[in-house]
Amino acid sequence: MLHKLSLPIAAALLFAGCASLDAPLATTAPEPVAEITWPGAVSSADFRATAAGEEILAKGGSATDAAIAVMLALTVVEPQSSGIGGGGFLVRADSDSGEINTYDGRETAPAAATPTRFLDESGEYLPRESRVTSGLSVGVPGNLALAAYAHASHGRLPWADLFQPAIRLARDGFVMNRRLNDSLSSSKGRADKTDEARAIFFGPDGAPLPVGSLVKIPELAQSLADYAERGVEAFYQSDATSLAAYVADETPQDGKMSADDVRSYEAKERPAVCAPYRSYRICGMGPPSSGGIAVAQMLGQLERFDLTALGPDSITFWHLFLESQRLAYADRELYTGDSDFVEVPVAGLVDAAYLAERSALIDPAKALEEATPGTPPGAPANLADGNEPPENGTTHFSVVDAEGNAVSYTSTVEGAFGSGLFYRGFYLNNELTDFSLNPKVGGKLVANRVEGRKRPRSSMAPTIVFDADGEVVLVIGAAGGPTIPVQVARSIIGVVDFNLSAKDAVGLPLIMAFGSTVVIEEDSVLTEKQGALEALGHSNIRSFGPPLKANALLRTPDGWEVAMDPRIDPMLATD
Ligand code: DON
């Protein structure tokens, strides 16, 4: 099946494809010039990465092949958000069988990590910077293992082919856009922590290279060529000693990464979390991510309300959505973590009867005084709430191939530029900060406490939505730490209940409840509704500019709509 793309999108892809095919580098996208067709569709947060995926699809690659090429290209052009120094989750739907596979490439803690990793001797949190920009926060990267695992089952092109667009971008250079430039400025101290990274992204005056500059990362081009040629063993075996030694050197206390931690890393296939929403079926990632469960819970709890009748301008809708979030996140804090270490009652948390019971707590006229966790079927006893602070270094991309196979992949280094540690041309994650800082509260263990070889809980929610006929209709995910499941649920509601385009759905404003605090996206239409929300009992309302970023593909009668978050679109300018 060939999917026709809209003119501006096709033009952007043409332009992006040119840039990655060794043509002279332009700094702005040209006007739409032609209508073209592609054997599939790609949505990512950077048009050069989208072009990498398109190139692989055009060569006959599968959605999995193209998604891997996008992940690799983003390592180059969006180093603030993701890369092979980090991890991710990949959800795939098979067009023939309808089978859904979910793959876990989440980082792991070193075997020597203990539950008090982020606490000092008196039990106080270590200072933030020593937690987030040292080897303490670096988990064994999972993206390359995830890519190899998924490629072994669903790849069509040779492994090395998937690396070529990223190698070209790193070797020949790419143009610094406003987003990367801004991110480098606001992450000084982290992005420029090492001499190597400073020499690549910053000028002699110490300021980030100006927007429009050509950035080359020759060392990354070489690393990618090595992993392309020798396979992931080149990373997980050959690099194990030097990677672990570097991270260990940067780790100021016990619990250091060892070469064995790197060598024994494994990507894993996990059971998908699927739940009905109206006539649709929503499938996503289970533990160690909390994303799929949270999306299913928020939607399940809202199903009894006629959201279409309310519409996106209604304060009642946003109130109901907030209440559903509060209930879902209360469960998330208590019950979710790495299911290889703790019992996560996944089936109980998305059980229809349980969600109906939780939904009954929602009053359309009044906010709950307190949203406490429920007791889903199979709930373990004696757990305490955990917490982890939000950061901003993640990216999502969606791919559909010529056969209609779909891949939804969220990739991350956790905070912007991860830990700031820079190895063989790429940043290393600081994902271990997603563990709860406190291992125990009130004598009870926290499910998401640090443990050796454990994977920290994630919020990432790569999601695929099927219609009543079992056809994939929406391939979606987002970046933004704990806001991710909220962005995904809100966008699904936008498409399913409000009948919006994917672009308008991901462009809906964000409102999020963190416990009893409500945050409203600044400069959005919701800021005018603060008084009305207060009247419904939501106190402690603040506004903030969250690190939002959703990407989606939506099936339409005319082909796949490729949607990028309108919030970041202008930030991709290179002039
Ligand atoms: O896995 C997680 O939930 C976080 N490490 C994601 C961080 C993130 O999305 C930052 N975003 N922009």
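As the structure lists them, so they are numbered: ligands from 1, and atoms in each ligand from 1.
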Task: Parallel, tilted or perpendicular, as decided by the 30° and 60° cut-offs, for the rings of Phe235 and Tyr227 - done: perpendicular

Open item on the list: Once you measure the plane-to-plane angle for Phe397 and Tyr409, does it fall in the parallel (<30°), tilted (30-60°) or perpendicular (>60°) bin?
Closed with: tilted

- [ ] Determine whether the side chains of Thr394 and Thr412 contain a donor N or O and an acceptor N or O closer than 3.5 Å.
- [x] yes

Task: Any side-chain donor near an acceptor of the partner, Asn438 and Tyr125, under 3.5 Å - done: yes

Task: Student check: side-chain heavy atoms of Phe435 and Arg117 closer than 4.5 Å - done: no

Task: Thr394 and ligand 1 - part of the residue with a heavy-atom distance under 4.0 Å - done: both

- [ ] Measure Glu431 to ligand 1 on non-hydrogen atoms and call it side chain, backbone, both or neither using the 4.0 Å cut-off.
- [x] side chain

Open item on the list: Please report whether ligand 1 has a polar contact with Gly480, defined as an N or O pair separated by less than 3.5 Å (distance criterion only).
Closed with: yes

Open item on the list: When you compare ligand 1 with Gly481, is there at least one nitrogen or oxygen pair between them that comes in under 3.5 angstrom?
Closed with: yes

For ligand 1, which atoms, with element, lie under 4.0 Å from some heavy atom of [X]?
{"X": "Ser459", "value": "1 (O), 2 (C), 3 (O)"}
{"X": "Ile484", "value": "9 (O)"}
{"X": "Glu414", "value": "4 (C), 5 (N), 6 (C), 7 (C), 10 (C)"}

Open item on the list: If the threshold is 4.0 Å, N to carboxylate O, is there a salt bridge linking Asp104 and Arg270?
Closed with: yes

Open item on the list: So for Arg106, does at least one of its heavy atoms come nearer than 4.0 angstrom to any atom of ligand 1?
Closed with: yes

